[in-house]
J.: 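Structure below; questions to follow.
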Amino acid sequence: RWESWDIGPKPRSVACLMLTGGESRLNKIVILAFADDAEQPALAIKLARVPEAVPGIDREAVALRAAADRSVTDVAEVPRVLFRAELCGTAAVGETPVSGVPLSTLITPRRYDEVASWVTDALSRLTAGKQAVPADRWWERLVAPVIAAFGQRFASHGEGSKIEVAVRALRALPALPIVVEHRDSSPWNVLRSETGRLALVDWESAEPDGLPGLDLVYFLANGAFLVEGTLGSGREDQTYVAMLGGASVAGRVYERSMAHYAAATGVARSDLDSLRLLAWMLHAVVEFDRILATHHDLPVPTAMRRSVYLALWRLDIARLQDS
């Protein structure tokens, strides 16, 4: 099917490179296919290692097709889905490869403002001009499941009253634009391509009809951890407090980025702060499940202490309670 996929003429031979990185059993296997003597792959095939990873494969295929239909490609390069199939007894999705330099390698104190502005501008353009949709048309689909999943994991471990605070804040959200939400827009999943455009990879968590702001705060928080050197250190909460305070390099970038996004999209800053709660709840669930999948015998309280996004959510709840 090589020629029908529009990835070049049918090759005489194909060489494959299999990548199996990642500690979690939920991590995908990726096969890169090279035509003849080409130095760059023409095809990337992602395979689920275990049945629990199949939904992510399916979600990536659906989200990428939706992204292509909704003009995301006007803003950033994204893989093109070539097929969804069963290969080697497991789910597989074939995509065009997207190449570039991960923004995580470009983030330095000197360049962080510039790098963050690229992402802020792209995400603003994805949101700007979208018609606001009343909350009763997206709450049950986009917010209620996150609250339920979060409560299922953490409510019985002392977070119940804090969840009520978060729900009240989220219930106060007004009508919001519905946008393609990547949901894993970390600096290592956003690339700077050779053409100078941004590229988004790893779409298995994406929501084609999602909410604004979540991708931006996720990128900026992880960018702050990188620029301050606290990623993976256990001191991310300190960086986060400094970022929200606006005193650090990351804090000044955060303020400028959020102000630009709010002005460009019409989403109020106070509503972006509430949406930040939802972002951390969503990512805390994913992170917590990955911790337990990687360390099967880890006690739940220990896993909770290792959750960066749960810690960020607690800090935001504390700010709400103090205000």
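The residues of the chain are indexed from 1 along the displayed sequence. These numbers were taken from a predicted model, which means no experiment stands behind them.
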J.: Kindly indicate, with the supporting measurements, whether the criterion side-chain contact (heavy atoms from CB on, under 4.5 Å) is fulfilled by Arg183 and Val286.
T.: CA-CA 11 Å; Arg183 289 196 173 180; Val286 174; over 6 Å; no
J.: So, do Phe219 and Asn189 sit near enough that their side-chain heavy atoms are less than 4.5 Å apart?
T.: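 Phe219 does not reach Asn189 side chain to side chain.
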J.: Would you compute the distance between atom OG1 of Thr265 and atom CG of Asp271 and round it to the nearest 0.5 angstrom?
T.: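 The distance works out to 10.0 Å.
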J.: Check the hydrophobic clustering (I, L, V, M, F, W, Y; side-chain heavy atoms under 4.5 Å; chains of links allowed) and say if Trp2 and Leu82 are grouped together.
T.: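 Same cluster: Trp2 reaches Leu82 through Ile, Leu, Val, Met, Phe, Trp or Tyr contacts under 4.5 Å.
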J.: Is a salt bridge present between Glu164 and Arg171, judged by a nitrogen-to-oxygen distance below 4.0 Å?
T.: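 No, no charged N to carboxylate O under 4.0 Å.
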J.: Would you call Arg276-Asp273 a salt bridge at under 4.0 Å N-O?
T.: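 Salt bridge between Arg276 and Asp273, a charged N being under 4.0 Å from a carboxylate O: yes.
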J.: Fit a plane to each ring of Tyr309 and His283, take the angle between them on a 0 to 90° scale, and name the class: parallel (under 30°), tilted (30 to 60°) or perpendicular (over 60°).
T.: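 Tyr309 and His283: tilted rings.
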J.: For Asp297, look at atom CG and say whether over 12 heavy atoms of other residues, nucleotides or ligands are found less than 6.0 Å away.
T.: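 Check fails, neighbour count at 12 or below.
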J.: Is a side-chain donor-acceptor pair under 3.5 Å present for Thr239 with Glu228?
T.: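 There is no such pair between these side chains.
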J.: Measuring only between side-chain heavy atoms, which start at C-beta, is Leu103 closer than 4.5 Å to Leu106?
T.: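 Answer yes - side chains close enough.
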J.: In plain terms, say whether Lys28 and Asp202 are close enough for a salt bridge, that is, a side-chain N and a carboxylate O under 4.0 Å apart.
T.: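 Looking at Asp202 together with Lys28, the answer is yes, because their closest N to O distance falls below 4.0 Å.
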J.: Tyr218 vs Leu282, test: side-chain contact (heavy atoms from CB on, under 4.5 Å). Steps then yes/no.
T.: CA-CA 11 Å; Tyr218 184 68; Leu282 190 155; over 6 Å; no
J.: Say whether Met243 and Val241 are linked into one hydrophobic cluster, either directly or through other cluster members, by side-chain heavy-atom distances under 4.5 angstrom.
T.: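 Same cluster.
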J.: Is it the case that atom CG in Asp74 sees more than 12 heavy atoms from other parts of the structure closer than 6.0 Å?
T.: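 Yes, because the 6.0 Å sphere around CG of Asp74 holds more than 12 heavy atoms from other groups.
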J.: Can you give me the closest heavy-atom contact between Ile7 and Leu43, atom names plus distance?
T.: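 Nearest pair, atom of Ile7 first, then Leu43: CD1-CB, 4.4 Å.
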J.: Kindly give the heavy-atom pair with the smallest separation between Leu220 and Tyr112, and that separation in Å.
T.: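 Shortest heavy-atom separation between Leu220 and Tyr112 comes out as O-OH, 3.1 Å.
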J.: Looking only at atom types and distance, does a side-chain atom of Trp138 sit under 3.5 Å from a main-chain N or O of Ile178, one as donor and one as acceptor?
T.: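 A pair under 3.5 Å: no.
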J.: Going from CG on Leu87 to CG on Leu47, what distance comes out if it is rounded to the nearest 0.5 angstrom?
T.: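 Those atoms lie 6.0 Å apart.
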J.: Please tell me if the side chains of Pro177 and Val267 come closer than 4.5 Å, counting only heavy atoms from C-beta onward.
T.: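 They are in contact (side-chain heavy atoms under 4.5 Å apart), so the answer is yes.
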J.: Please tell me whether Thr127 and Tyr261 have a donor and an acceptor in their side chains that are separated by less than 3.5 angstrom.
T.: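 Per modelled atom types, Thr127 and Tyr261 side chains form a pair under 3.5 Å.
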J.: Is any side-chain N of the basic residue among Arg192 and Glu194 closer than 4.0 Å to the acidic one's carboxylate O?
T.: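 Salt bridge absent between Arg192 and Glu194.
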J.: Does Ser117 reach the main-chain N or O of Glu114 with its side chain, forming a donor-acceptor pair under 3.5 Å?
T.: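 The answer is yes, because a donor-acceptor pair under 3.5 Å joins these two groups.
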J.: Please step through side-chain contact (heavy atoms from CB on, under 4.5 Å) for the pair Met258 and Val217, ending with a clear verdict.
T.: CA-CA 8 Å; Met258 297 302 283; Val217 298; 3.7 Å; yes
J.: Are any of the side-chain heavy atoms of Arg49 and Thr90 separated by less than 4.5 Å?
T.: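 Answer no - side chains too far apart.
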J.: Quick check: is Leu17 connected to Ile45 through a chain of hydrophobic side chains (ILVMFWY, heavy atoms under 4.5 Å apart)?
T.: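 Shared cluster, no.
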J.: Can you give me the closest heavy-atom contact between Ala250 and Val227, atom names plus distance?
T.: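 It is CB-CG1, 3.9 Å.
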J.: Which pair of non-hydrogen atoms, one from Arg84 and one from Ala91, has the smallest distance, and what is that distance?
T.: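 Scanning both residues completely, I find the closest heavy atoms to be NH2-CB, 3.5 Å.
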J.: Take atom CD in Glu86; do more than 12 heavy atoms of anything else shown fall under 6.0 Å from it?
T.: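 Buried by this count: over 12 neighbours within 6.0 Å.
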J.: Show the numbers, then the answer: is there a side-chain contact (heavy atoms from CB on, under 4.5 Å) between Asp209 and Arg141?
T.: CA-CA 10 Å; Asp209 297 297; Arg141 184 173 59 85; 3.6 Å; yes
J.: So do the side chains of Ile147 and Trp139 get within less than 4.5 Å of each other, counting heavy atoms only?
T.: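 Yes, side chains in contact.
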J.: Answer with yes or no whether the hydrophobic clustering places Val190 together with Val179; edges join I, L, V, M, F, W, Y residues whose side-chain heavy atoms lie under 4.5 Å apart.
T.: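 Result: no, two separate clusters.
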J.: So, for Leu272 and Ala262, which heavy atoms are closest and what is the spacing to 0.1 Å?
T.: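 Heavy atoms only, the tightest pair is CD1-CB, 4.1 Å.
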J.: Linking I/L/V/M/F/W/Y whenever any side-chain heavy atoms sit under 4.5 Å apart, do Trp280 and Leu320 land together?
T.: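 Trp280 clusters together with Leu320.
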J.: Would you indicate whether Arg137, at its atom CZ, is surrounded by more than 12 heavy atoms from other residues, nucleotides or ligands within a distance under 6.0 Å?
T.: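 Count not over threshold, so no.
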J.: Can you tell me how far CZ of Phe225 sits from CG of Asp237, rounded to the nearest 0.5 angstrom?
T.: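 Going from CG on Asp237 over to CZ on Phe225, the span is 8.5 Å.
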J.: Considering only heavy atoms from C-beta outward, does the side chain of Ile317 approach that of Leu277 to under 4.5 Å?
T.: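 SC-SC contact between Ile317 and Leu277 confirmed.
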J.: With sequence neighbours left out, what residues match Ala259 under side-chain contact (heavy atoms from CB on, under 4.5 Å)?
T.: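 Not a single residue meets the side-chain contact (heavy atoms from CB on, under 4.5 Å) criterion with Ala259.
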J.: Answer yes or no: is there a side-chain heavy-atom contact under 4.5 Å between Leu278 and Val146?
T.: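 Answer yes - side chains close enough.
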J.: Is any side-chain heavy atom of Glu159 closer than 4.5 Å to one of Trp313?
T.: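 Yes; the side chains approach each other to less than 4.5 Å.
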J.: Check Asn27 against Gly21 and note the closest heavy-atom contact, atom names and distance.
T.: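 Taking Asn27 first and Gly21 second, the nearest heavy atoms are CB-O, 3.7 Å.
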J.: Taking 4.0 angstrom as the limit, do Glu287 and Arg153 come out as a salt bridge?
T.: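 Salt bridge flag = no for Arg153 with Glu287.
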